[in-house]
J.: 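The structure follows.
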Number of protein chains: 2
Amino acid sequence: MSYHPSSARTRARGRDLRGFCNTVTTGLVKGKETRTRLSRKDVLDAAAELVRRHGPRSLTMRGLAAELGTAVTSIYWHVGNRESLLDALVERTVADLGEIRPVGRTPAQRVVSVARALRRQLLDHPHLVAMVHERGLTERMFLPAQRSLVHEVHEAGLRGARAADAVRSVQVHVVGHVLVERNRERAPVQRPAEEEPWTKDTAEQDGALARALAGPLDPEALFTVSVKALVTGLLGPGAMTVGGGPYPH
Amino acid sequence: MSYHPSSARTRARGRDLRGFCNTVTTGLVKGKETRTRLSRKDVLDAAAELVRRHGPRSLTMRGLAAELGTAVTSIYWHVGNRESLLDALVERTVADLGEIRPVGRTPAQRVVSVARALRRQLLDHPHLVAMVHERGLTERMFLPAQRSLVHEVHEAGLRGARAADAVRSVQVHVVGHVLVERNRERAPVQRPAEEEPWTKDTAEQDGALARALAGPLDPEALFTVSVKALVTGLLGPGAMTVGGGPYPH
DNA sequence: ACCTGAACACCGTTCAAGT
DNA sequence: ACCTGAACACCGTTCAAGT
């Protein structure tokens with residue numbers, strides 16, 4: 001419709017064709033660079049910083065413009081609109097997530113190590129997870145772990161569709177777990193079960209079980225338990241036994 | 001501060017103290033009821049319908065007022081503000097989710113059946129999942145399954161903290177899986193891996209694996225596979241063997 | 001090619017005023 | 001106790017106009 005570069009959003013999501021003409025620095029004002037021209041990268045950088053500090057909801061076009069010292073409308077020229085700005089941000093961050101190296105003696109241990117590392121990576125970018133999720137790009141979060149998982153699952157003797165299922169099971173479990181976790185963080189005061197909290201009477205006469213269910217949840221520990229169980233189930237019995245299970249028996 | 005009932009949101013989240021004086025119907029206009037007075041229930045019902053049809057983002061206070069044929073500000077009197085309106089909506093829907101009856105011969109089979117039923121319930125209320133999630137009430141979605149899971153896990157011989165972990169593992173897995181699934185729905189055209197899609201060469205020389213990874217994902221099947229594996233791992237080896245595994249061997 | 005201010009069509013929310 | 005219109009302080013986005 002126009003020569004507006006943001007029409008790139010209708011093209012295949014390819015490389016940014018401009019952006020080579022980066023910031024032209026002319027001087028310093030109170031330690032901050034003064035731009036003569038705004039670049040797409042400037043916009044993304046500033047937006048990324050705002051999101052990193054206060055989350056995506058805090059990112060308004062007007063606020064971003066103020067941060068950059070330009071008119072709101074300039075931003076539109078560079079990134080099209082708010083939606084594709086966030087798209088670009090997600091794209092960039094996901095691309096920065098490195099591959100994950102498996103650690104451990106058995107394939108099962110290495111798969112667990114990949115799962116834990118992936119979880120760590122995702123939790124390190126708290127807002128990213130929600131943004132990728134809201135954009136329907138969840139599978140993107142699978143990528144850093146995918147190659148390693150394929151290798152390890154194959155190493156464990158799984159083949160074909162069954163191997164693919166195992167890889168995806170682990171991926172979905174990790175991402176899903178992180179989504180649930182992230183959510184708990186936001187509402188740390190989970191309304192104390194107004195449904196009766198668990199008592200010995202309602203918990204199969206198992207006092208320890210009742211206490212555990214009524215008490216707080218340790219996400220890290222729960223993750224370890226569940227991913228080990230999952231991997232055990234996927235790779236076959238005995239898969240985790242070498243490394244010792246989560247519980248003394 | 002005032003007698004405004006919406007100050008209930010500062011009280012403990014208890015029962016709605018008004019709302020007994022429901023709609024007073026005076027006649028019919030084109031098949032629609034004509035209200036003389038607006039009740040909190042009217043507001044919630046209309047809001048629920050809007051959310052059900054077009055999702056929570058489509059719910060605006062002004063639009064809701066138009067739907068109800070009142071001034072925007074009347075709504076504020078009844079529900080306080082948009083946030084607590086959505087809170088109330090979530091509360092109501094979650095409360096309507098019934099308990100889940102386990103089916104199957106072995107405890108493992110029954111746990112799997114509970115997991116599948118819970119997933120079904122959540123997928124039946126597509127917007128609810130996202131809303132509960134955004135509100136940080138994820139554990140609420142655990143509730144319909146909780147009691148049955150406790151029973152079955154105990155039946156399988158798990159006790160104390162270990163039983164609690166098993167219950168929670170299944171719960172987080174189900175909710176997490178549904179979150180990931182729901183997300184895929186929203187973006188059905190997952191950008192075809194711009195990273196090279198899997199080929200026989202990159203997939204450990206396993207052509208079937210490559211095809212499976214490149215192809216589409218069947219969420220229902222994947223869920224079954226992963227939850228069976230998880231339960232197997234949690235309840236001990238052999239747990240699922242009676243019912244037959246997902247794959248012929 | 002890049003940047004601008006003005007304007008549009010929305011929001012949620014508050015408040016003083018009605019009955 | 002319940003409802004109202006006017007007003008406030010925000011949004012994202014478009015557009016014609018500048019250089």
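Residue numbers start from 1 in every chain, and the chains themselves are labelled A, B, ... in the order their sequence lines are given, proteins ahead of strands.
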J.: So how far is it from B:L89 CG to B:S84 OG, rounded to the nearest 0.5 Å?
T.: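 Spacing of CG (B:L89) from OG (B:S84) equals 11.0 Å.
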
J.: If we only count heavy atoms from C-beta on, is the A:L128 to A:L97 side-chain gap below 4.5 Å?
T.: yes

J.: For A:R82, is the CZ atom crowded, meaning more than 12 foreign heavy atoms sit under 6.0 Å from it?
T.: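 Counting other residues, nucleotides and ligands, CZ of A:R82 exceeds 12 neighbours.
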
J.: Of the candidate nucleotides D:dG12, C:dC3, D:dT4, which contains the atom at the shortest distance from the side chain of A:M61?
T.: D:dG12

J.: Report the distance from atom CG of A:D42 to atom C1' of C:dC3, rounded to the nearest whole Å.
T.: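 Value for this atom pair: 14 Å.
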
J.: Can you tell me how far P of C:dA7 sits from CZ of A:R62, to the nearest Å?
T.: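 Atom-to-atom, A:R62 to C:dA7, this comes out as 13 Å.
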
J.: For B:L64, which contact category applies under a 4.0 Å heavy-atom criterion: base, sugar-phosphate, or nothing?
T.: nothing

J.: From the set D:dA1, C:dG12, D:dT13, return the single nucleotide nearest to any side-chain atom of A:N81.
T.: D:dT13

J.: Could you let me know what C:dC10 is paired to, Watson-Crick or G-U wobble, both distances under 3.5 Å, or none if it's on its own?
T.: none

J.: Provide the Watson-Crick or G-U wobble partner of D:dA16, both distances under 3.5 Å; none if there is no partner.
T.: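 Here D:dA16 is engaged in a pair, and the nucleotide opposite it is C:dT4.
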
J.: Look at B:H78 and D:dA1 and indicate whether a side-chain polar atom (N or O) is within less than 4.0 Å of OP1 or OP2.
T.: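 No, outside the criterion.
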
J.: Whole-Å distance between C:dG12 P and A:R57 CZ?
T.: 11 Å

J.: Rounded to whole angstroms, how far apart are CH2 on B:W77 and P on C:dC15?
T.: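 My rounded result for the distance is 17 Å.
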
J.: Would B:Q121 and B:M141 satisfy side-chain contact (heavy atoms from CB on, under 4.5 Å), going step by step from the backbone distance to the final call?
T.: CA-CA 10 Å; B:Q121 258 194 14; B:M141 293 193 282; over 6 Å; no

J.: Check every strand shown and say whether A:T60 touches a base, only sugar-phosphate, or nothing at a heavy-atom separation below 4.0 Å.
T.: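 The answer is sugar-phosphate, as A:T60 gets under 4.0 Å only of primed atoms, P, OP1 or OP2.
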
J.: When the distance from CD of A:E83 to P of D:dT14 is rounded to whole Å, what number comes out?
T.: 13 Å

J.: Quickly work out the A:R37 CZ to C:dC2 P distance and round it to whole Å.
T.: 5 Å

J.: Which of the following nucleotides, C:dC3, C:dT13, D:dT4, is nearest to the side chain of B:Y76?
T.: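 The answer is C:dT13.
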
J.: Is the shortest heavy-atom distance from the side chain of B:E220 to the side chain of B:R116 under 4.5 Å?
T.: yes

J.: Please report the distance, rounded to the nearest Å, between CD1 in B:I75 and C1' in C:dT14.
T.: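 Atom CD1 in B:I75 sits about 15 Å away from atom C1' in C:dT14.
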
J.: Report yes if a side-chain nitrogen or oxygen of B:T73 is closer than 4.0 Å to either non-bridging phosphate oxygen (OP1 or OP2) of D:dC3; otherwise report no.
T.: no

J.: Among C:dG5, D:dT4, D:dG12, which nucleotide has an atom closest to any side-chain atom of A:A71?
T.: C:dG5

J.: Rounded off to whole Å, could you give me the CZ-to-C1' distance for the B:R82 and C:dC11 pair?
T.: 10 Å

J.: Need to verify one output field. Residue with the more 5' nearest nucleotide on DNA chain C, A:S74 or B:G63?
T.: A:S74

